[in-house]
J.: 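What follows is a structure written as structure tokens; I'll ask about it next.
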Amino acid sequence: MSAIPKHRRPRRRATRVLAVAAGLATVGALAASLPASAGQDQSGGGSKGKHSRTVDVQLLSFNDFHGNLQPPAGSSGQVTEKQADGSEKKIDAGGAEYLATSLRTARKGHPYTVTAAAGDLIGASPLLSGLFHDEPTVEAMNKLDLDVTSVGNHEFDEGAKELARMQNGGCHPKDGCFEKGKNGKGKKFEGADYPYLAANVTDEKTGKPVLKPYWVWKHKGVKVGFIGVTLEGTPDIVSADGVKGLKFHDEIETVNKYAKILDKQGVKSIVTLIHEGGVPKSQTYNYDCDSPGAGDGISGPITTIAKGITPKVDALVTGHTHNAYVCTIPDPAGKPRMVTSASSFGKLYTDTTLTYDRRTKDIVRTSVKSANHVVSREQAKAPDMTSLISRWDKLAAPVANKAVGYVAGDIPGRGAGVPESPLGDLISDAQLAHAKSVDPEADLALMNPGGIRSDIVFKASGGEGDGVVTYGEAFTVQPFSNTVNLVDLTGAQLVTGLKQQVSGSNEASPKILQVSEGLTYTLDMTKTGADRVVADSIKLNGKAIDPAATYRVAMNSFLAGGGDGFAELGKGTKPVVGSDDLKAFGDYLTANSSADKPIAPPKADRITIVK
């Protein structure tokens with residue numbers, strides 16, 4: 001293993017050792033070495049005692065932070081808590097200042113403690129981080145002593161080379177250094193102190209992993225291995241440029257492969273960090289996921305994956321679905337195994353106790369305990385995070401605080417919790433308006449729900465005043481820098497595209513497209529698969545869609561490339577590329593609202609839902 005880069009700062013906790021299978025190589029810039037800490041060793045043997053056969057290892061984890069350094073606004077910044085009487089309570093949560101305080105408080109009294117994440121720490125970020133290619137978030141993760149993370153799909157938003165820069169440091173190849181150093185020159189971005197793991201992502205040409213597949217935490221003879229994977233379907237939900245030259249492999253096969261390698265190295269305690277998740281039966285973070293039986297409270301891809309991953313793995317930290325759960329899903333041998341997820345945006349963290357047997361070097365599975373905890377905004381802020389946010393905020397302020405529009409009330413998007421959201425309607429209308437400025441023959445617009453990252457909130461987030469939409473707030477809603485594209489689709493193709501919302505790869509977890517004004521149809525959720533879209537109900541401006549006619553359809557470049565399982569939309573002809581979607585949204589708000597005449601929240605009544 002090559003020498004540790006000199007810029008890596010010492011870590012305050014136990015020594016970390018990076019263990020990689022002999023002969024494994026990485027690709028290009030990703031081959032740079034990863035940090036190991038040189039912190040002072042800590043005395044004590046955990047709650048079981050220094051000389052006991054067993055010792056408790058505290059595993060703190062979170063997922064899907066998405067650059068939310070500041071507390072998320074509106075419903076995106078809330079968690080739902082089930083009360084003793086069965087009622088539900090909304091709690092404001094999240095933000096790096098509070099997450100750091102929560103983790104630091106949780107670590108107290110735990111000499112054996114490791115902090116891990118399950119991907120999407122960056123990407124789809126608010127402007128404060130996204131404007132600077134997420135350098136502020138990586139810096140924040142370093143400060144809160146993150147030890148290790150898997151990659152998620154959003155880590156590939158800007159491609160493998162940019163992910164390598166996140167790991168190894170260096171200024172952005174186009175935008176350069178964002179801050180000035182003491183010498184007046186550009187201050188170099190130092191990169192992540194923690195390793196990014198991507199066991200199931202390989203280079204198409206060499207077949208070798210593009211990042212380290214696993215990492216081993218060691219302290220006083222205790223060893224815990226971490227294997228990191230993202231979902232195999234990452235290419236379906238990331239732009240083609242982001243995953244160019246990469247191959248994504250089966251999650252189960254990959255984890256089982258590296259679990260064997262760790263086992264042969266004498267690492268018997270193994271945790272998988274996997275950026276794939278499930279759908280809980282309840283949206284309350286503290287519900288009983290194991291009622292009436294183990295894992296009965298969750299469904300979705302992670303249940304199949306968990307049941308297929310080798311019993312050598314002792315716990316799974318998951319993500320991607322932005323849900324909260326703590327479940328015990330039986331492994332292939334029928335033994336209970338903890339599977340957790342901590343919602344998103346730093347609103348929760350999971351505290352798991354892994355009881356380590358010094359003799360067997362394995363986790364005593366029956367002793368594993370875990371719970372999700374709210375990152376409350378009632379606690380003190382971490383001063384170093386406040387300073388970090390303030391520093392980057394000053395750089396972003398000239399862009400972020402510019403007013404682009406006015407609204408008369410909250411316009412829910414990501415937090416709407418319904419198939420058609422008011423903000424989805426507004427964005428679709430904005431894209432159609434932009435498309436018509438490019439081509440007056442544009443008929444309709446479609447917007448993917450995953451591209452809407454937040455809500456528009458009436459209450460002022462700063463000093464702009466209530467009802468004012470700033471550029472920063474608009475950026476938080478649409479941070480991907482997609483373009484608004486125009487293509488020709490036949491009526492038959494349009495119908496097929498709408499059916500793909502609820503069939504194929506989207507059947508288990510439907511992705512309901514947001515539609516522009518004039519397009520209406522019925523979605524019958526009592527049916528299954530493609531039949532959920534009632535074909536003869538699809539109308540444009542009151543007229544039934546003609547299968548043989550040609551329609552000019554606007555959509556972002558991600559959908560136009562067939563993303564999110566919408567292969568039919570990727571077959572459009574006569575493409576024309578317009579401006580980026582954020583500009584289209586901002587221009588629409590500016591043109592259609594003022595302080596005296598703010599935009600009212602759309603009714604979200606274009607899709608009729610039958611339940």
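Note: hydrogens, waters and symmetry copies are ignored here, and every other heavy atom, side chains too, is used.
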J.: With the threshold set at 4.0 Å, does a side-chain nitrogen-carboxylate oxygen contact exist between Glu135 and Arg165?
T.: yes

J.: Any donor-acceptor pair under 3.5 Å linking the side-chain atoms of Ser344 with those of His66?
T.: no

J.: Just distance, no hydrogens or angles: give the donor-acceptor pairs under 3.5 Å from side chains in residues 529-537, sequence neighbours left out.
T.:
{"unit_1": "Arg532", "atom_1": "NE", "unit_2": "Lys527", "atom_2": "O", "d": "2.9"}
{"unit_1": "Ser537", "atom_1": "OG", "unit_2": "Thr522", "atom_2": "N", "d": "2.8"}
{"unit_1": "Ser537", "atom_1": "OG", "unit_2": "Val534", "atom_2": "O", "d": "2.6"}

J.: Which donor-acceptor pairs under 3.5 Å do side chains of residues 398-418 form with protein atoms, sequence neighbours excluded?
T.:
{"unit_1": "Asp410", "atom_1": "OD1", "unit_2": "Phe458", "atom_2": "N", "d": "2.7"}
{"unit_1": "Arg414", "atom_1": "NH2", "unit_2": "His322", "atom_2": "ND1", "d": "3.4"}

J.: Would you say that Val477 contacts Glu473 through its side chain, given a criterion of any heavy-atom pair below 4.5 Å between the two side chains?
T.: no

J.: Do you see a donor-acceptor pair shorter than 3.5 Å between the side chains of His275 and Asn63?
T.: no

J.: Can you confirm whether Glu155 sits close enough to Met166 that some side-chain heavy atom of one is under 4.5 Å from a side-chain heavy atom of the other?
T.: no

J.: Determine yes or no for a side-chain-to-main-chain donor-acceptor pair under 3.5 angstrom, with Gln514 supplying the side chain and Pro449 the backbone.
T.: no

J.: Hey, can you pull the donor-acceptor pairs under 3.5 Å for the side chains in residues 562-579, sequence neighbours left out?
T.:
{"unit_1": "Glu568", "atom_1": "OE1", "unit_2": "Lys571", "atom_2": "NZ", "d": "3.3"}

J.: Donor-acceptor pairs under 3.5 angstrom involving side-chain atoms of residues 232-248: please list them, not counting sequence neighbours.
T.:
{"unit_1": "Thr234", "atom_1": "OG1", "unit_2": "Thr230", "atom_2": "OG1", "d": "3.2"}
{"unit_1": "Thr234", "atom_1": "OG1", "unit_2": "Leu231", "atom_2": "O", "d": "2.8"}

J.: Applying side-chain hydrogen bond (donor to acceptor under 3.5 Å, both in side chains), can you list everything that pairs with Ser76, at least two apart in sequence or on another chain?
T.: none

J.: With heavy-atom distances below 4.5 Å as the criterion, would you say the side chains of Phe65 and Met141 are in contact?
T.: yes

J.: Tell me yes or no: between the side chains of Tyr588 and Ser593, is some donor less than 3.5 Å from an acceptor?
T.: no

J.: Would you mind listing every salt bridge (charged side-chain N to carboxylate O under 4.0 Å, His left out) that reaches into residues 438-456, with sequence neighbours excluded?
T.: Asp439-Arg552

